[in-house]
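Everything on this sheet refers to the single structure shown next.
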Amino acid sequence: MESSTEQARNVMQSPRSPSSQPYLSASVTDPVKLGNGVQAYISYRVITKTNLPEYQGPEKIVIRRYSDFVWLRDRLFEKYKGVFVPPLPEKSAVEKFRFSAEFIEMRRAALDIFVNRIASHPELQQSEDLRTFLQADEETMERFRFQETGIFNKKPADFMQMFRDVQSKVSDAVLGKEKPVEETTPEYEKLKHYIFELENHLAEAQKHAYRLVKRHRELGQSLLDFGKAVKLLGACEGEPTGKLFSDLGTKSELVSIKLQKEAQQVLMNFEEPLKDYVRYVQSIKATIAERATAFKQHCELAETTKLKEINLDKLMLTRSDKVGEAEIEYREMKAESEEATIRFERIVKRMNEEIVRFQEQKTEEMGVAFHQFAKGQARLANGIADAWRALLPKLEAASSA
Amino acid sequence: MMGSENDEDSHLSPPPIIVTPADSDPLSALPPPNGGTSYIEPPSYADVIFSPFDDNNNASDDSSDTLSRSPSSSSSSDYIKITVSSPQKEQETASSMLSGGSTYVTYLITTRTNLPEYKGSDFTVRRRFRDVVALGDRLAESYKGFCIPPRPDKSVVESQVMQRQEFVEQRRVALEKYLRRLASHPVIRSSDELKVFLQVEGKLNHLKVGTDVASRVLDGGVSVVEVAQPARSGRDLFRLFKELRQSVSNDWGGAKPAVVEEDKEFLERKEKMHDLEKEIINASQQAETLVKAQQDMGKTMGELGLAFIKLTKFENEEAVFNSQRARANDMKNLATAAVKASRFYRDLNSQTVKHLDTLHDYLGVMMAVQGAFADRSSALLTVQTLLSEVSSLEGRAEKLEAASSKVFGGDKSRIKKIEELKETIKVTEDAKNVAIRDYERIKENNRSEVERLDRERRADFLSMMKGFVVNQVGYAEKMANVWAKVAEESSQYNRESS
């Protein structure tokens with residue numbers, strides 16, 4: 001278990017800083033499609049540049065596939081409870097078959113962001129599993145991957161179920177507990193409410209962003225078809241109408257291309273960040289579930305310890321010969337309870353730090369996304385205006401003739 | 001809204017805000033478009049409020065004013081404006097044998113004109129749809145060879161399926177469009193048929209055309225002479241033979257083998273019209289798809305904007321950190337721009353519809369051209385039929401004469417037959433001459449109509465293209481301004497290495 005009392009080094013991301021400064025940076029590049037049909041998968045190059053002593057050298061290149069990233073994320077989620085582990089892009093069983101160039105590129109970019117977020121996180125960057133991921137050869141990596149036990153294979157959905165179980169008063173009643181085992185501090189309540197509501201709002205925004213991409217494509221397609229039709233119409237007409245229609249058709253086709261290009265930009269630079277935001281919020285929900293579990297454990301163990309203490313006192317009063325046994329049990333339970341409390345409190349501390357980080361990170365990332373979107377739309381609109389404007393002199397000339 | 005005031009903001013000065021009030025010179029605020037000099041003098045298209053048919057002066061009313069231009073030949077002060085309104089339910093009078101007590105709808109037809117052929121400058125009448133059908137039929141009769149706008153459909157299916165009010169309104173719009181098209185035709189606007197329709201008060205009577213005499217003649221049941229007797233003029237006989245051809249389908253490729261059209265120029269023109277019609281149909285369909293795509297784009301952009309407005313409100317309400325407030329502000333700028341862009345798309349689209357509607361209108365025009373060409377083919381067929389009729393009758397007469405001359409003293413019955421035949425030949429000859437005159441007249445009508453049409457089509461298409469393009473430019477400029485402002489306001493997030 002990683003200790004949180006270890007000093008978080010100020011590890012830089014850029015390898016160009018003076019060699020005395022510790023740095024760690026990683027990038028995911030060169031996606032290559034391997035295998036055939038259903039077995040097909042994409043492999044990526046992961047390049048690590050670092051001067052940290054724990055690493056094998058200044059530069060290391062390994063080959064990784066999507067399930068390796070999943071392994072890393074699961075390990076980090078298990079070991080760093082309370083940290084908002086960066087999310088992964090969805091597995092997407094359907095798109096895999098098509099493996100379009102755009103899809104591959106988007107996935108690569110998302111995985112690159114994933115690794116970089118981990119490498120720049122003060123706690124996560126020290127993880128042994130991260131080192132394994134960045135350095136182990138492929139056979140070793142594969143072995144690690146297959147070693148996964150049940151608990152490490154839990155999906156966020158499973159954690160959500162655990163979370164719901166904790167929430168359920170029925171299960172508590174069955175266990176004989178009167179009050180629900182939940183944190184009820186107002187700040188925490190507010191946070192939970194915020195996260196759940198935020199997911200709904202973001203999902204809606206992301207949905208419309210995705211539709212907007214589609215609309216760009218549809219408008220582009222319709223202008224392409226319109227341009228072709230208008231050219232054919234021009235071929236039936238004499239001058240000057242014929243030539244004007246032909247020019248109109250050409251411009252229409254040009255505008256169509258601009259729209260298709262922008263569609264891809266909107267998808268990559270606007271819709272994808274929104275999707276990432278949603279994934280992040282879902283990851284936080286999973287962390288909230290972890291916290292609830294830890295809280296429940298902490299409460300239960302504290303209760304049990306209390307009971308054991310009461311029992312011990314009783315036995316001591318009656319000078320029973322079971323005192324020794326009971327004392328050992330009590331001490332063991334107390335130790336466990338204290339550990340559970342430490343675990344819970346570490347989660348709380350981490351979450352408090354993480355939420356600040358998260359908000360700042362998201363403001364930055366969304367700010368960039370909005371800026372790029374606005375620039376893209378402005379560029380598109382200007383391009384469209386310029387294209388159509390070029391026709392006006394001829395149209396004016398023909399009108400006044 | 002100024003930039004964020006959070007702790008991460010390293011910019012101490014607020015970003016410059018570009019303001020373009022509607023009446024200032026926008027070119028001073030806009031960056032010059034690619035290539036430096038803008039074609040347009042100020043004000044740029046971004047500040048113009050667009051109206052359809054900027055070139056035509058008739059676009060003063062709000063309902064679609066299709067193809068209602070003054071004919072280029074007459075003085076520009078001639079006008080005739082027709083409005084269809086106030087549908088109301090009326091009952092059939094009980095005395096009518098045709099339908100006891102059923103209801104029908106009448107429409108108020110209001111005309112304003114300064115044409116001398118009309119008896120006044122303002123008049124209104126009430127007409128029902130049946131009257132319009134009759135008007136259409138009469139015009140088709142009297143103006144052969146002309147490109148007569150097709151009259152509105154009877155829409156029997158729609159009348160059953162649609163809501164009453166919706167159907168009546170749809171019909172009202174169609175009637176108005178139709179009458180306005182008639183009024184814009186330089187010849188038809190002064191026709192008796194239209195004048196009666198627009199001016200004569202009270203109900204119009206429509207004498208039903210008699211049962212198809214032609215088929216009875218063909219069946220041999222009625223002799224041509226018998227039928228021809230009551231109306232002796234060659235024109236009636238001419239009509240008779242026209243009715244003989246009622247069943248001839250008037251489609252492009254359907255020139256029956258009997259019609260031998262030798263006029264190469266005509267055939268070429270017909271072919272060209274056919275191709276043109278095909279491309280107009282195609283373009284009109286693509287225009288519809290384009291309009292739908294523009295509409296969807298606007299709608300989704302608006303929905304995106306609203307989603308972000310909700311997010312902004314949410315973040316502001318729940319904000320614990322300044323980073324949240326900053327984000328809420330960034331979202332608000334984006335959302336506002338998206339909503340504005342959505343409105344621009346909507347407005348652009350309604351302009352696009354008005355302009356590209358020209359393509360739809362020309363579908364009707366092409367139908368009218370079809371009709372005109374069909375009149376010509378029909379007339380030619382009649383001429384050719386009558387020619388062969390005359391020749392066969394003459395052949396019979398010759399045979400009878402030959403046979404009769406062999407009989408000593410003359411063949412009384414045959415002689416009588418020959419006399420009757422000669423009478424028929426004369427009548428048929430007359431009819432043939434009338435038919436030839438009509439054919440020539442129709443040919444001339446065709447020619448002048450096609451010429452007029454080509455001219456008008458050139459002007460209409462030019463106007464359509466210009467209107468379409470002007471609006472695309474203008475609204476794109478407006479949208480560019482809006483987004484440029486957001487990009488400017490969020491310039492602190494610019495991470496591109498340039």
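- Remark: E277(B) CD to C236(A) SG distance equals 11.0 Å, nearest 0.5 Å.
- The existence of a salt bridge linking K292(B) and E218(A) is excluded, since no basic side-chain nitrogen approaches an acidic carboxylate oxygen closer than 4.0 Å.
- Contact count against chain A (heavy-atom pairs under 4.5 Å) is highest for L304(B) among L304(B), T289(B), D275(B).
- Between the side chains of Q359(A) and R327(B), at least one donor N or O lies within less than 3.5 Å of an accepting N or O.
- Top candidate by heavy-atom pairs under 4.5 Å with chain A, chosen from M301(B), E317(B), K278(B), Q294(B), is M301(B).
- Each of W483(B), Y493(B), F308(B) was checked for a ring-ring contact (aromatic ring centres under 6.0 Å, His included) with F370(A), and the lone residue meeting it is F308(B).
- With values rounded to the nearest 0.5 angstrom, S490(B) atom OG is found 11.5 Å from F373(A) atom CZ.
- Residue Y210(A) qualifies as open at atom OH: its count of foreign heavy atoms under 6.0 Å is 12 or below.
- Residue contact with chain A, scored on non-hydrogen atoms closer than 4.5 Å, involves the side chain of L359(B) exclusively.
- Interface residue F245(A): backbone and side-chain heavy atoms are both found under 4.5 Å from chain B.
- Side-chain atoms of N494(B) and K375(A) include a donor-acceptor pair closer than 3.5 Å.
- The pair K272(B)-E237(A) does not count as a salt bridge, with every side-chain nitrogen at least 4.0 angstrom from each carboxylate oxygen.
- Considering only heavy-atom pairs separated by less than 4.5 Å from chain A, the leading option among M465(B), K310(B), R458(B) is M465(B).
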Does the pair L276(B) and L233(A) meet the rule for a side-chain contact (heavy atoms from CB on, under 4.5 Å), with working shown? CA-CA 7 Å; L276(B) 181 66; L233(A) 182 55; 3.8 Å; yes
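- The structure places CE of M479(B) at 7.5 Å from CD1 of I384(A), a figure rounded to the nearest 0.5 Å.
- Taking CE from M331(B) and OG1 from T363(A), the interatomic distance works out to 8.0 Å, rounded to the nearest 0.5 Å.
- Taking the six-membered ring for Trp and thresholds of 30 and 60 degrees, F314(B) and H201(A) have ring planes inclined between 30 and 60 degrees apart.
- Taking all atoms of both residues into account, the shortest heavy-atom contact from A378(A) to A484(B) is CB-N, 3.8 Å.
- Salt bridge absent: E303(B) and K207(A) never bring a charged side-chain N and a carboxylate O closer than 4.0 Å.
- Looking at R389(A) and E477(B), a side-chain N of the basic residue comes within less than 4.0 Å of a carboxylate O on the acidic one, giving a salt bridge.
- In this structure, the separation between CD on Q286(B) and CG on D225(A) is 4.5 Å, given to the nearest 0.5 Å.
- Side chains of T300(B) and R211(A): a donor-acceptor N/O pair is absent below 3.5 angstrom, by distance only.
- Looking at heavy atoms from C-beta onward, L198(A) lies in side-chain contact with L311(B) at the 4.5 angstrom threshold.
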